[in-house]
Structures are given as structure tokens and as C-alpha cells.
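Everything below concerns the one structure shown next.
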Amino acid sequence: MRTAGIIAEFNPFHNGHRYIIETIKNTVADSVIAVMSGSFVQRGGPAVTDKWTRARAALDAGADLVLELPVVYSVNTAQRFSRGAVEILNACGIVDVLAFGSESGDTARLLRAARLIADEPPEVSRRIKELSALGMNYPAARKAAFEESAGCAIPDSPNDILAVEYLRAIYETGSEIAAEAVRRIGTAHDSENVSDGIASASEIRRRLMAGESTEGLLPDGGFPVYDASRLDTAVIGRIRECGTAYLSKINDVGEGLENRFVKAAMCADTVEALCAAVKSKRYTLSRIRRIAWSALLGLTRELCSAPPSYIRVLGMSGSGRGLLREMKKTASLPVVIKAADYARAQIDPIFAANVRAEDWFALCAPDAALRRGGRDMTVSPVVR
């Protein structure tokens, strides 16, 4: 029996995700363990629906076990997002291969790029600093520096960028997990087009928030759609209240960004307006979004650089129960099935941050029953 790990957000779970899982189970492994972002995602902001709904959809499409990627990694740079997820898969002790969607489908090329980035030559580091000083954002500066100074093309398509970071994490942690790229099908990342029943997650989210039809694009039926704008005032209020001293400790804040945020918060009345005011050529919009939401959630630089301290189960299938039994014997971290039973819940800062984040996320729910606090400690894993 071979077990594959995948790293995902499923925001929301759509036909392209189902295709990836089916392909992995047909060609790569017998079972699939998904490490999935919880209630807040890597682009910055709340997910379009809750983590248990997304876990259920993944299980119904063939995943065997769904684990949560804690918020300190899910609202983070691509490097820390990937590193946190890979460290969780390493800690399971039963994952044989990391499989991932890729525009290129070229595992060997992605591995070469990952190792080159991990062992970044001094001349590349110097060039990145020079290009950043000229106002170029970090991803663009790094790509240009490697091409100019090392003669190596770094992938720049969205899924390949993440794939390189997954493989870098495997390399840097000395993991024995193998890697397998699965070529993506359908539309490009962030495309507005639909191809063979597959649309990008961003297009599906747009349709959901606009009240437009998503018929044929989602394998699951209806689900509660959470509205991030319900927290706009909370985000801006937190930045206005706490000021630059607080913001300077928030993850990924540097180079005086705290001052830009406070100045923008004094005028903005939505998160979108806030981020637009702070953004510049040097700072990507995703980075600005993550900082804004990290400010609300209290995600400090120190907290977001800590290694995982537990493995949280969000859902399991019948075969997933067997994987879970095996994992309990091999895991190098505590396996949390019922949050209320986690002995370190009150003193584990990563777990506590996740509970706080879920309480904020609940306020985005479409109906009052889902807006109550404390759900992270009371909702049981999905069993299919």
C-alpha cells in the first residue's frame, strides 16, 4: 500500500481538485492524505466556506484523510505555507510520496529548481537585494536574479511556484517522501474561462459572491458561503487601535510597512481599499492581504516561524480510519481528533491561534447559527 500526501486549500473544492485526487489514486498511490488550509487561506483572507464542508467534499471525491494546516502557516508566504504542510506530512510517518498539481508536470525540472533555490548562491542573493532596492517585488527579483546570475529559469506559473516550494521543503527537512507532479487540466489559475466543467477557484468564488450560477463546476451540492466583508471593520479597527508598535511584530512586516498600514487604515473603510492603498510595485497584493488579516488574527513573526506542534484531523473515510490507526503508532507529533481532548490546547500557541481564527471566521457565516464562537473546540471530524 502506497500513501500520497497532497497540500491544498479546496477554496472551494471543485472538479479540478476531484480530477487530481482521482489521478493520484489511479496512477500514484492507493490512498490520499490531504493537508488543507483551515478557515483562512494563503492569498490572504477567509475561505469561501468552512473547513469541515471543504473536508467533506474532499472525502466524497476520494481523499481518505484530511488534516488541517494551522492558520500560522496557511496565512503565510509560499515558503512557510509549504514548509508547514510538508513538516506535518513528515510527522505523520506514513506518507510515501507528495503529489501535486503542476502546469508543467515535470517533476525533475521542479526538483532542480527547488534545490538551486534552497542552496541560493551568494551572487544570486546579492542580485536579489539590488533588484529589490530598485523597487522590484521579491518573487520577481528572485526569478530575475537566478536567470541573470545562475543561468537558471525559475518556474513562474502559480502551481509550479508552489510545487518548487513543496520540493524545497522536502529537501531542506531531509524528508524521505518522494515527489510526483500531476499535470493540471482545464483553465489557468485565476482564469475567468471554463473548460470541460473545470473553472479556476477564483472564478468560482467570484460567481458565488455575486450570486451567479456554479452549476456543473462543483462536485458537491450547495454549501454556506462565508462573506469576508463582514470583518472589514474589524481588520481596519484593529490596525487603527494597535498602531505601528503592534504591526511591526506581525508576520512579514518590514521596511516600514507598519507605517503605510496605519496611514491607510485611517482613511480606508474596507480591506480591499486598505490593501490597494498600501500596495506598491515593491509589495505584492497577496503579501499586503496576508499582513492585514494577520494583524486581525495576531499572527506574529515569531509565531509564524515556529514548527508544527500537533496534527489535527478534520475528516476521514472508512479507509482513512485505518490510516489514522497506523498514524497513531508512527506520528512524531500529537494527533488531535477531538479538539476538546487535546491536553495542550490552552498552552499551545499555534493551537490557540487556530481557535481564535475560527471564532473570527464564524462571524463571516451567512446565518446566525453558524456565527457562534467556540466551534473549533466542539465540531467533530467529518466521517464518511
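Using modelled atom types, one finds no donor on one side chain facing an acceptor on the other under 3.5 Å when comparing Asp232 with Thr270. Side-chain atoms of Asn354 and Glu68 form a donor-acceptor pair, as typed in the model, at a separation below 3.5 Å. In this structure, a donor-acceptor pair under 3.5 Å is present between the side chains of Ser317 and Ser319. Asp160 and Ser102 are linked by a side-chain donor-acceptor pair at a separation below 3.5 angstrom, with hydrogens and angles left out of the test. With hydrogens and angles left out, the side-chain atoms of Thr53 and Asp50 include a donor and acceptor closer than 3.5 Å.
Arg289 places a side-chain heavy atom less than 4.5 Å from the side chain of Arg43. In this structure, Trp360 and Pro46 have side chains that are not in contact, with every pair of non-hydrogen atoms separated by 4.5 Å or more. Under the 4.5 Å side-chain criterion, counting only non-hydrogen atoms from C-beta, Ser104 is in contact with Arg109. Annotation: side chain of Ser132 is not in contact with side chain of Met136 (no heavy-atom distance under 4.5 Å). Pro12 places a side-chain heavy atom less than 4.5 Å from the side chain of Ile204.
Residues satisfying the side chain to side chain contact (heavy atoms under 4.5 Å, CB included) test with Asp119, not counting sequence neighbours, are Tyr171. Residues that satisfy the side chain to side chain contact (heavy atoms under 4.5 Å, CB included) test with Glu212, not counting sequence neighbours, are Arg206, Arg207, Ala210. Shown here are the salt bridge (charged side-chain N to carboxylate O under 4.0 Å, His left out) partners of Glu130, two or more places apart in sequence or in another chain: Arg127. With sequence neighbours excluded, the residues that form a salt bridge (charged side-chain N to carboxylate O under 4.0 Å, His left out) with Glu87 are Arg83. Considering only residues two or more places apart in sequence or on other chains, Ala276 meets the side chain to side chain contact (heavy atoms under 4.5 Å, CB included) condition with none of them. Under the salt bridge (charged side-chain N to carboxylate O under 4.0 Å, His left out) criterion, Arg168 pairs with Glu165, Glu172, not counting sequence neighbours. By the side chain to side chain donor-acceptor pair (under 3.5 Å) test, Tyr342 is found to be paired with Asp348, residues two or more places apart in sequence or in another chain being considered. Here Ala58 pairs with Phe10, Phe13, Ala63, Val66 under the side chain to side chain contact (heavy atoms under 4.5 Å, CB included) rule; sequence neighbours left out. For Asp60, the salt bridge (charged side-chain N to carboxylate O under 4.0 Å, His left out) partners two or more places apart in sequence, or in a different chain, are Arg384.
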Determine, stepwise, if the pair Asn90 / Thr173 fulfils side chain to side chain donor-acceptor pair (under 3.5 Å).
CA-CA 9 Å; Asn90 287 341; Thr173 61; 3.2 Å; yes

Please assess Ile33 against Ile6 for the test side-chain contact (heavy atoms from CB on, under 4.5 Å), listing each intermediate value before the final yes or no.
CA-CA 6 Å; Ile33 296 176; Ile6 62 174; over 6 Å; no

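More than 12 heavy atoms of other residues, nucleotides or ligands lie within 6.0 Å of NZ in Lys25, so this atom counts as buried by the packing criterion.
Under a 4.0 Å N-O distance rule, the pair Arg312/Asp376 qualifies as a salt bridge. A salt bridge links Glu358 with Lys51; the closest basic N to acidic carboxylate O contact falls under 4.0 Å.
Remark: Ile20 CD1 to Arg183 CZ distance equals 11.0 Å, nearest 0.5 Å. We find the CD1-CD1 distance between Ile154 and Ile117 to be 4.0 Å, quoted to the nearest 0.5 Å.
One hydrophobic cluster holds both Leu274 and Met266 under the rule that ILVMFWY side chains link at heavy-atom gaps under 4.5 Å.
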Quiz: residues 325-339 side-chain donor-acceptor pairs under 3.5 angstrom, not counting sequence neighbours:
| residue | atom | partner | partner atom | Å |
| --- | --- | --- | --- | --- |
| Thr330 | OG1 | Cys92 | O | 2.7 |
| Thr330 | OG1 | Glu326 | O | 3.4 |
| Thr330 | OG1 | Met327 | O | 3.4 |

In residues 250-258, what donor-acceptor pairs under 3.5 Å come from side-chain atoms, sequence neighbours left out?
| residue | atom | partner | partner atom | Å |
| --- | --- | --- | --- | --- |
| Asn251 | ND2 | Asn76 | OD1 | 3.0 |
| Asp252 | OD2 | Arg287 | NE | 3.3 |
| Glu255 | OE1 | Tyr283 | OH | 3.2 |
| Glu255 | OE2 | Arg282 | NH2 | 2.9 |

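Within the structure, no pair that satisfies the ring pair (Phe, Tyr, Trp, His ring centres under 6.0 Å) test touches residues 245-282, not counting sequence neighbours.
When atom types are taken as modelled, the side chain of Arg205 and the backbone of Asn11 share a donor-acceptor pair closer than 3.5 angstrom. When atom types are taken as modelled, the side chain of Arg142 and the backbone of Asn137 share no donor-acceptor pair closer than 3.5 angstrom.
A pairwise comparison of heavy atoms in Leu110 and Pro155 identifies CD2-CG, 3.8 Å as the closest pair.
Taking the six-membered ring for Trp and thresholds of 30 and 60 degrees, Phe40 and Trp293 have ring planes inclined between 30 and 60 degrees apart.
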